[in-house]
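Atoms within a ligand are numbered from 1 in the order they appear, just like the ligands themselves. Index from 1, following the sequence. Values in this document were obtained by computation on a predicted structure and should not be read as measured data.
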Amino acid sequence: MNTSAHELQFDARGRLRHLITLAGIERGRLDALLDRAEAMRRDSREGTRPLDLLAGRTAINLFFEPSTRTRTSFDLAAQRLGAQVINFDIARSSTVKGETLLDTIHTLEAMHCDAFVVRHQEAGTPAYIARHLRTRAAVLNAGDGNHAHPTQGLLDALTLRRRFTDLSALRVVICGDIQHSRVARSDVHALQTLGVRDLRLCAPPGLLPDSDSPAATVEFPQCRVFHNFDEAIEGCNVAIMLRLQKERMDAAAIPSAADYFARYGLSATRLARANADCVVMHPGPINRKMEIADDVADGPRSLILEQVANGVYVRMAVLAELLQTA
Ligand code: ASP
């Protein structure tokens with residue numbers, strides 16, 4: 001029987017070997033990764049310590065789906081730690097000649113590499129690769145289908161931990177296309193592990209399993225499900241907005257931008273229903289005027305670019321953690 005994605009990511013001594021999912025990663029380990037990211041942030045900004053921890057190491061970015069933030073951020077993170085980075089060009093590779101994924105992986109392993117950073121449209125692909133490696137390379141999940149986006153979960157947690165001293169007191173709403181969102185799943189794991197108790201999920205009925213369905217109780221335990229955003233955002237300290245993942249939907253199911261914004265978009269008026277300290281987050285890319293109004297996305301409550309900045313430090317911390325122990 002296959003080991004679970006969670007078991008797969010630890011070696012025999014219990015050290016993190018791959019990062020596939022945040023599900024089941026306990027609080028102490030999560031805090032330690034975030035502390036390390038915080039230290040990376042400080043050292044990078046102060047420029048006081050050499051950060052060449054990964055000199056002589058090679059990371060390969062294997063992105064089967066488009067990406068702006070995650071790929072650039074992994075690339076910068078590895079380079080800032082002194083590693084060599086290859087951005088594997090799938091469109092010009094033998095993948096288009098029909099080479100299988102595992103043949104590609106084993107070919108790249110034969111050239112010696114220490115880490116594969118993998119984004120794929122199919123949930124489970126990073127775990128599949130990790131199970132079939134022939135070397136000690138680490139696999140870092142950069143987003144697989146709607147399953148997980150662990151470094152996004154970590155960077156969102158870091159962003160909130162830097163803003164609020166007590167996460168357990170927060171009321172958080174995650175709003176948008178929950179069904180297709182790996183970010184929502186990883187954020188729920190990270191935030192619940194860090195003690196957030198009042199976690200609300202809000203989406204159109206077709207984009208969020210009902211709260212009593214097995215899918216919701218297994219995937220989103222202890223979350224309150226809303227279909228009315230005005231109610232869900234009431235008194236919240238954090239609003240995490242999600243992109244409508246049109247590439248994972250039938251064209252007929254995609255709502256008009258105006259209708260969607262009216263019900264599920266974050267306008268300044270709707271934000272006024274939240275707590276006065278409410279911050280606004282979005283993993284990007286944003287569909288402006290659909291998920292979020294310009295004045296909110298660019299306004300003083302927005303942490304969107306702070307999330308981007310923290311993404312580099314989180315990825316530095318994860319790469320250092322995995323490759324130093326590999
Ligand atoms: N960039 C995030 C992801 O890859 C969110 C999104 O695409 O909507 O999951």
Side-chain angles (χ1 to χ4, degrees), residues 5 19-23 61-77 87-88 90 116-127 139-160 172-191 201-204 206-208 219-220 238-249 253-255 257 260-261 264-266 280-292 296-297 302-315 318:
L19 184 65
I20 310 283
T21 173
L22 297 181
N61 284 334
L62 270 174
F63 278 61
F64 291 85
E65 271 192 348
S67 170
T68 295
R69 276 149 290 269
T70 307
R71 188 162 91 155
T72 311
S73 172
F74 264 114
D75 191 342
L76 285 174
N87 281 298
F88 187 74
I90 287 158
F116 291 108
V117 178
V118 181
R119 167 167 289 188
H120 202 279
Q121 58 280 6
E122 263 183 56
T125 302
V139 175
L140 291 87
N141 183 1
D144 60 332
N146 70 355
H147 169 241
H149 195 345
T151 54
Q152 181 75 43
L154 289 170
L155 75 89
D156 286 346
L158 181 67
T159 304
L160 288 176
V172 179
V173 62
I174 304 180
C175 177
D177 180 359
I178 307 269
Q179 176 170 329
H180 300 109
S181 178
R182 51 199 176 209
V183 174
R185 286 163 177 81
S186 288
D187 277 358
V188 167
H189 288 136
L191 297 181
L201 304 179
C202 179
L207 294 178
L208 177 60
E219 284 198 286
F220 303 112
V238 180
I240 301 177
M241 305 304 295
L242 299 174
R243 183 175 67 89
L244 205 59
Q245 313 238 330
K246 297 176 192 165
E247 72 276 25
R248 303 190 211 284
M249 296 167 70
I254 299 174
Y260 185 84
F261 184 76
Y264 297 101
L266 188 55
V280 175
M281 296 166 69
H282 192 303
I286 299 173
N287 288 310
R288 285 176 178 264
K289 302 183 179 62
M290 188 162 191
E291 294 129 20
I292 188 161
V296 175
S302 171
L303 295 183
I304 295 172
L305 293 179
E306 184 68 15
Q307 290 172 269
V308 174
N310 288 334
V312 179
Y313 307 122
V314 154
R315 291 171 179 125
V318 170

Mind checking whether Arg69 contacts ligand 1 via backbone (N, CA, C, O), side chain (CB onward), both or neither, at a 4.0 Å heavy-atom cut-off?
-> neither

Could you check which of Lys246, Arg243, Glu291, Met241 puts a non-hydrogen atom nearest to atom 7 (O) of ligand 1?
-> Arg243

Do Leu207 and Tyr264 pass the side-chain contact (heavy atoms from CB on, under 4.5 Å) test, and can you show the C-alpha distance, the side-chain angles, and the key distance before you say yes or no?
-> CA-CA 12 Å; Leu207 294 178; Tyr264 297 101; over 6 Å; no

Pro285 near ligand 1 by a heavy-atom separation under 4.0 Å | yes

Decide whether the shortest distance between a heavy atom of Gly284 and an atom of ligand 1 is less than 4.0 Å.
-> yes

Hey, is Gln152 touching ligand 1 through its side chain, its backbone, both or neither, going by heavy atoms under 4.0 Å?
-> neither

Thr21 vs Asn141 side-chain heavy atoms within contact, under 4.5 Å = no

Side chain Arg182, main chain His147, donor-acceptor under 3.5 Å = no

At a non-hydrogen distance cut-off of under 4.0 Å, which region of Arg119 contacts ligand 1 (side chain, backbone, both, or neither)?
-> side chain

Of all the atoms in ligand 1, which lie at a distance below 4.0 Å from a heavy atom belonging to His149?
-> 3 (C), 4 (O), 9 (O)

Cationic tip of Arg119 within the cone over Phe63's six-membered ring, i.e. under 6.0 Å and within 45° of the normal?
-> no

State the CG-CE distance between Leu160 and Met281, to the nearest 0.5 angstrom.
-> 4.0 Å

Residue from Leu305, Thr159, Asp156, Leu303 passing side chain to side chain contact (heavy atoms under 4.5 Å, CB included) with Asn310 | Thr159

Can you find an N or O of Arg182 that's nearer than 3.5 Å to an N or O of ligand 1?
-> yes

Would you sort out whether Ile178 and Val188 count as a side-chain contact (heavy atoms from CB on, under 4.5 Å), showing the intermediate values?
-> CA-CA 11 Å; Ile178 307 269; Val188 167; over 6 Å; no

Per-atom contacts, ligand 1 versus Val183 - under 4.0 Å to a heavy atom = 2 (C), 5 (C), 9 (O)

